[in-house]
Amino acid sequence: MTRATAPGKAILFGEHAVVYGRPAIAVPVTQVRATATVTANQTEGVRLVAPDLAIDTLLDRASAQDQALAAAVRQVQQKARLAQLPDLVITVSSDIPIASGLGSGAAVAAATIRALSRHLELWQLCTDEAVSSLTYEVEKIHHGTPSGIDNTVVAYERPVYFMRQQPQNQIETFYVTRPLRLLIGDTGVHSSTKAVVDDVRHQWQADRERFEALFDGCGRIAAAARLAIEDGDLQEIGRLMAENQQLLQEMTVSSRALERLITAATRAGALGAKLSGAGRGGNVIALVTEEKETAVRDALSTAGARTVLTSVINST
Ligand code: PMV
């Protein structure tokens, strides 16, 4: 049996603007993970099993609903130029909440690609770079025009400073001088990344000047945030989170439920808080000190957060 996992992720700075080539910062959320296992199948074919998603099907018969999982398997098959796969059972499970900005789709794909490549001893496909690039191909099916940040952070499993570029994305790692203690509060509202990204594109097409300025602002904030993270300046990081949230509001990707959680966290003493991911639902992230953690957690729950995760981001 071969097993591989991939973490969830949170975007700290620069969502949406990253689609338009501005830098963004994302971190792995290692408390939640997707896991894929590959074993030999006693009967013919490649069987795909995802109990959480009520999927149990043969690869050849995979429907649109199973498509992401099937697409991950086919990516490996195509890249390795295998005319046929051996008889296998591929089982996937995940405790990353879906459609909430924590990168569950990318993590499921990355774990599947890594487990299958290892099982078939396709070592050239087991590097972080290869897993990231194949995961990106799967992401395109769901999101249309993903920036590439999700697949990068779940495959590399490190904080990344990311810029979408041709012919190759710029991916830099950086030093987290003081650990970042994040509370991740879920509004419980599902949101389609593709729908929100499409809507931002329509708004950008209608008023390019305004949206380019908003994206520039997000890019400047991400660049400044990287320096603040390297300096260990938690106050400044928090301030920049609030500033980024302001711009996301102007892009109309915030929502009443998100604002309620952000206000509650800030009033309870968070250094900064913002939505994370596509917005209009999903999660908020709040930067806290150890002393304020309980107060902010309670405030998030009282304000309606369905779950509150703690994630401490270090350099390792
Ligand atoms: O909602 P998520 O976690 O998939 O994040 C989307 C981030 C965007 O910047 C809005 C889109 C992208 O592809 O980077």
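If you read the sequence from its start, that first residue is 1, and numbering goes on from there. Quantities reported herein were computed from a predicted structural model and do not represent experimental measurements. We count ligands from 1, going down the list as the structure has it; atoms in each ligand are counted the same way.
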Between [Y] and [X], does any NZ, NE, NH1 or NH2 come within less than 4.0 Å of an OD or OE carboxylate oxygen?
X    : Y    : result
R114 : D128 : yes
E291 : R181 : no
E157 : R33  : yes

- Indicate the atoms forming the closest heavy-atom contact of V73 with T112, along with that distance. CG2-CG2, 4.0 Å
- Item | Heavy-atom neighbours of Q84 CD exceed 12 at 6.0 Å | no
Quick one: table the atom pairs, ligand 1 N or O against protein N or O, below 3.5 Å, distance rounded to 0.1 Å.
from	atom 1	to	atom 2	distance (Å)
ligand 1	1 (O)	T193	OG1	2.9
ligand 1	1 (O)	A278	N	3.1
ligand 1	3 (O)	K9	NZ	2.4
ligand 1	3 (O)	G101	O	3.3
ligand 1	4 (O)	D150	OD2	3.2
ligand 1	4 (O)	T193	OG1	3.3
ligand 1	9 (O)	H16	N	2.9
ligand 1	13 (O)	S147	N	2.8
ligand 1	13 (O)	S147	OG	3.4
ligand 1	14 (O)	S147	OG	2.5

- Query: Between Q203 and D199, do the side chains contain an N or O donor and an N or O acceptor separated by less than 3.5 Å?
  - Reply: yes
